[in-house]
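All values reported here derive from a predicted model rather than from experimental measurement.
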Amino acid sequence: MNILAVESSCDETAVAIVRDGRQVLTDCIASQVELHRIYGGVVPEIASRMHIEAIYGLADQALREANLTRGDIDAVAVTYAPGLIGAVLVGVNFAKAAALALQKPLIPVHHIRGHIAANYLAYPELEPPFLCLVVSGGHTMIVDVKSYTEMEILGTTLDDAAGECFDKVGRVLGMPYPGGAALDKAAQQGDDQKYPLPRSRPGANPYDMSFSGLKTAALNLIHHAEQVGEELNIPDLCASFTAAVSDTLVPRVEQALKQTGRKRLAAAGGVAANSRIRKDILDMAQGMGVEVYLPPLKLCGDNAAMIGAQGYYEYLSGNTGDMTLNAYATKSILGEAL
Ligand code: KG4
Ligand code: ZN
């Protein structure tokens, strides 16, 4: 089954063609990052306008690259939530038009379910059940993936997402948007013990997390140094900050693995590209008899192939949409309104 998959929830317009949920025939991405960089973050209206200009040509490009014609497409999958609403609407409307024109099923896919499914593309042997650490620009949670379409959220951030914090701290340090990758690079040369930063334990659920205290502490430290004219060691600060993020994530995942008895662990989302977090996950799982699946860096960030992968399993579960499909800025991974 060839699925034409569309992703437009943030600042990448992406169209992919994925066969049977596992084989990427083509994965086309038009990134807008350079455009938004001058503003230090995504400008929603610019994102929507760029999606609308890019999406049709990208779909044609995907067909050409896969050496397919429109008649070879069996279904159209699309990110319908969550994201910048104007941006998601462009993809949803395009996918509806494509499904109608092709007379093929329309499959709504939750963006975060897509991130999790990126692992199916990289690891043909991976099947649920498994635990997944989801760490993206807008989400941070530990998910029990019970089947391809049944999931339970064991814990979540109660405030900021990990990626948001990377981007904010990176911005204040003068790094280009999005700050996560640059901060990761700087941290690799740094001493993670140099600057003490907090690891908070919010609420009663041991799997819930909080990053706003850490973000504020890092920003205060930077602003204070500026005020008193103290020169900060940037690599040390980046390493100390990244260690605090990782210490917030990884021990909770370890506890969740122990409690659930799951023997497979995956990671998903842009922040899953972080070298320190990847290393800490591998170190933690070693000796626990847990198989670790870390998506290749290319599949950590936003792409449409992951939407095609999850779309296939949503289709098999009967989760298709129709011409009344709407787009949502927020929606739980379980499909509930937030
Ligand atoms: O999953 P994603 O591409 O988009 C969302 O769905 O949000 O994640 C983007 C986030 C950004 O915050 C970006 O700074 C972060 O992923 N990121 C990283 C790294 N690469 C991307 N954060 C830390 N270390 C990295 N190497
Ligand atoms: Zn994403």
Student: Can you name the nearest heavy-atom pair linking Pro108 to Glu314, along with the distance?
Tutor: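 Nearest heavy atoms, Pro108 then Glu314: O-CG, 4.4 Å.
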
Student: I need the Ile234 CD1 to Gln189 CD distance, nearest 0.5 Å.
Tutor: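 It comes to 13.5 Å.
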
Student: Taking Ile153 as the starting point, is it possible to reach Ile116 by hopping between hydrophobic residues whose side chains are less than 4.5 Å apart?
Tutor: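 Yes, one cluster joins them.
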
Student: Looking at side-chain heavy atoms only, is the closest gap between Thr26 and Cys28 below 4.5 Å?
Tutor: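 Yes, side chains in contact.
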
Student: So Thr242 and Asp192, do their side chains get closer than 4.5 Å, heavy atoms only?
Tutor: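 Sidechains of Thr242 and Asp192: no contact.
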
Student: So, for Leu214 and Pro198, which heavy atoms are closest and what is the spacing to 0.1 Å?
Tutor: CD1-O, 3.8 Å

Student: Under 3.5 Å, which donor-acceptor pairs link side chains of residues 167-175 to any protein atom two or more places apart or in another chain?
Tutor:
| residue | atom | partner | partner atom | Å |
| --- | --- | --- | --- | --- |
| Asp167 | OD1 | Gly179 | N | 3.2 |
| Asp167 | OD1 | Gly180 | N | 3.4 |
| Arg171 | NH1 | Gly40 | O | 3.0 |

Student: Mind checking the CD1-CD spacing from Ile222 to Gln227? Nearest 0.5 Å is all I need.
Tutor: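 Nearest 0.5 Å value for the CD1-CD distance: 12.5 Å.
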
Student: I'd like to know whether OH of Tyr315 has more than 12 heavy-atom contacts from other residues, nucleotides or ligands below 6.0 angstrom.
Tutor: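 No.
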
Student: Ile281 versus Leu265: any side-chain heavy-atom pair under 4.5 Å?
Tutor: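 Of all side-chain heavy-atom pairs linking Leu265 with Ile281, at least one is under 4.5 Å.
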
Student: Indicate the atoms forming the closest heavy-atom contact of Tyr80 with Val92, along with that distance.
Tutor: CA-CG2, 3.8 Å

Student: What pair of heavy atoms forms the shortest contact from Asp208 to Arg252, and how long is it?
Tutor: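 Heavy atoms only, the tightest pair is O-NE, 2.8 Å.
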
Student: Report whether Phe166 and Tyr177 are members of the same hydrophobic cluster (ILVMFWY, side-chain heavy atoms less than 4.5 Å apart, transitive linking).
Tutor: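 Shared cluster, no.
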
Student: With a 4.5 Å limit on heavy-atom distance, are the side chains of Glu12 and Val33 in contact?
Tutor: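 Heavy-atom side-chain distance check passes, below 4.5 Å.
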
Student: Could you pull out every donor-acceptor pair under 3.5 Å between side chains of residues 68-79 and any protein atom, sequence neighbours left out?
Tutor:
| residue | atom | partner | partner atom | Å |
| --- | --- | --- | --- | --- |
| Thr69 | OG1 | Gly71 | N | 3.4 |
| Thr69 | OG1 | Asp72 | OD2 | 3.3 |
| Arg70 | NH2 | Tyr56 | OH | 3.2 |
| Asp72 | OD2 | Thr69 | N | 2.8 |
| Asp74 | OD2 | Asn2 | N | 2.7 |
| Thr79 | OG1 | Glu7 | OE1 | 2.6 |

Student: Are any of the side-chain heavy atoms of Ile333 and Met141 separated by less than 4.5 Å?
Tutor: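 Result yes, sub-4.5 Å side-chain heavy-atom pair found.
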
Student: Ignoring hydrogens and angles, write down the donor-acceptor pairs under 3.5 Å from the side chains of residues 292-306, residues two or more places apart or on other chains.
Tutor:
| residue | atom | partner | partner atom | Å |
| --- | --- | --- | --- | --- |
| Asp302 | OD1 | His111 | NE2 | 3.0 |
| Asp302 | OD1 | His115 | NE2 | 3.0 |
| Asn303 | OD1 | Ala305 | N | 3.1 |
| Asn303 | OD1 | Met306 | N | 2.8 |
| Asn303 | ND2 | Gly301 | O | 2.9 |

Student: Might you work through the side-chain contact (heavy atoms from CB on, under 4.5 Å) test for Val6 and Ile55, ending with a clear yes or no?
Tutor: CA-CA 9 Å; Val6 178; Ile55 204 158; 3.6 Å; yes

Student: Arg262: which residues meet the salt bridge (Lys or Arg N to Asp or Glu O under 4.0 Å) condition with it, sequence neighbours left out?
Tutor: Asp144

Student: Going hydrophobic residue to hydrophobic residue with side-chain gaps under 4.5 angstrom, can you get from Val134 over to Tyr148?
Tutor: yes

Student: Can we call the ring centroids of Tyr312 and Tyr120 under 6.0 Å apart?
Tutor: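 For Tyr312 and Tyr120, the ring centres are not under 6.0 Å apart.
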
Student: Does Leu106 share a hydrophobic cluster with Tyr328, counting links as ILVMFWY side-chain heavy atoms below 4.5 Å and allowing steps through other members?
Tutor: yes

Student: Give the C-alpha distance, both sets of side-chain angles, the deciding distance and a yes or no for salt bridge (Lys or Arg N to Asp or Glu O under 4.0 Å) between Asp322 and Lys96.
Tutor: CA-CA 8 Å; Asp322 60 25; Lys96 285 167 77 167; over 6 Å; no

Student: Do Ile277 and Leu237 share a hydrophobic cluster, counting only Ile, Leu, Val, Met, Phe, Trp and Tyr and linking them when any side-chain heavy atoms are less than 4.5 Å apart?
Tutor: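 Same hydrophobic cluster.
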
Student: Tell me which donor-acceptor pairs under 3.5 Å the side chains of residues 154-163 have, and how far apart each pair is, sequence neighbours excluded?
Tutor:
| residue | atom | partner | partner atom | Å |
| --- | --- | --- | --- | --- |
| Thr156 | OG1 | Thr140 | O | 3.3 |
| Thr157 | OG1 | Asp159 | N | 3.2 |
| Thr157 | OG1 | Asp160 | O | 2.6 |
| Asp159 | OD1 | Phe211 | N | 2.8 |
| Asp159 | OD1 | Ser212 | N | 3.1 |
| Asp159 | OD2 | Ser210 | OG | 2.7 |
| Asp159 | OD2 | Ser212 | OG | 3.3 |
| Asp160 | OD2 | Lys215 | NZ | 2.8 |

Student: Tell me the closest heavy-atom pair linking Val42 and Cys10, and the distance in Å.
Tutor: CG2-SG, 4.0 Å

Student: State whether Arg64 and Asp60 are salt-bridged, where the test is any N-O pair (Lys NZ or Arg NE/NH1/NH2 against Asp/Glu carboxylate O) under 4.0 Å.
Tutor: no

Student: Could you check Gln259 against Tyr207 for side-chain hydrogen bond (donor to acceptor under 3.5 Å, both in side chains), going step by step and ending with a plain yes or no?
Tutor: CA-CA 11 Å; Gln259 195 213 310; Tyr207 304 122; 2.6 Å; yes

Student: Would you call Glu291-Lys263 a salt bridge at under 4.0 Å N-O?
Tutor: no

Student: Any non-hydrogen side-chain atom of Ile17 less than 4.5 Å from a side-chain atom of Ile3?
Tutor: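 Ile17 vs Ile3: side chains apart.
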
Student: How long is the span from the OG atom in Ser240 to the CG atom in Leu197, to the nearest 0.5 Å?
Tutor: 6.0 Å

Student: Report, as yes or no, whether the 6.0 Å neighbourhood of atom CZ on Arg201 holds more than 12 heavy atoms from other residues, nucleotides or ligands.
Tutor: no

Student: Roughly how far, to the nearest 0.5 Å, is the CZ atom of Phe94 from the CG atom of Leu58?
Tutor: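 Reported value, rounded in 0.5 Å steps: 8.5 Å.
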
Student: Take atom CD in Glu125; do more than 12 heavy atoms of anything else shown fall under 6.0 Å from it?
Tutor: yes

Student: If you measure from NE2 on His139 to OG on Ser332, what distance do you get to the nearest 0.5 Å?
Tutor: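 Between His139 NE2 and Ser332 OG, I get 8.5 Å after rounding to 0.5 Å.
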
Student: Look up atom OG in Ser31 and atom CG in Asp11, then write down how far apart they are to the nearest 0.5 Å.
Tutor: 6.0 Å

Student: Could you tell me whether the side chain of Asn319 reaches within less than 4.5 Å of the side chain of Thr149, counting heavy atoms only?
Tutor: yes

Student: Going by salt bridge (Lys or Arg N to Asp or Glu O under 4.0 Å), name the residues that satisfy it together with Glu45, two or more places apart in sequence or in a different chain.
Tutor: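 By the salt bridge (Lys or Arg N to Asp or Glu O under 4.0 Å) rule, Glu45 matches Arg49.
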
Student: Minimum heavy-atom separation for Val90 and Ser8, please, with both atom names.
Tutor: C-OG, 4.3 Å

Student: Quick one: does Leu4's side chain get under 4.5 Å of Lys104's, heavy atoms only?
Tutor: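 No; the side chains remain at least 4.5 Å from each other.
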
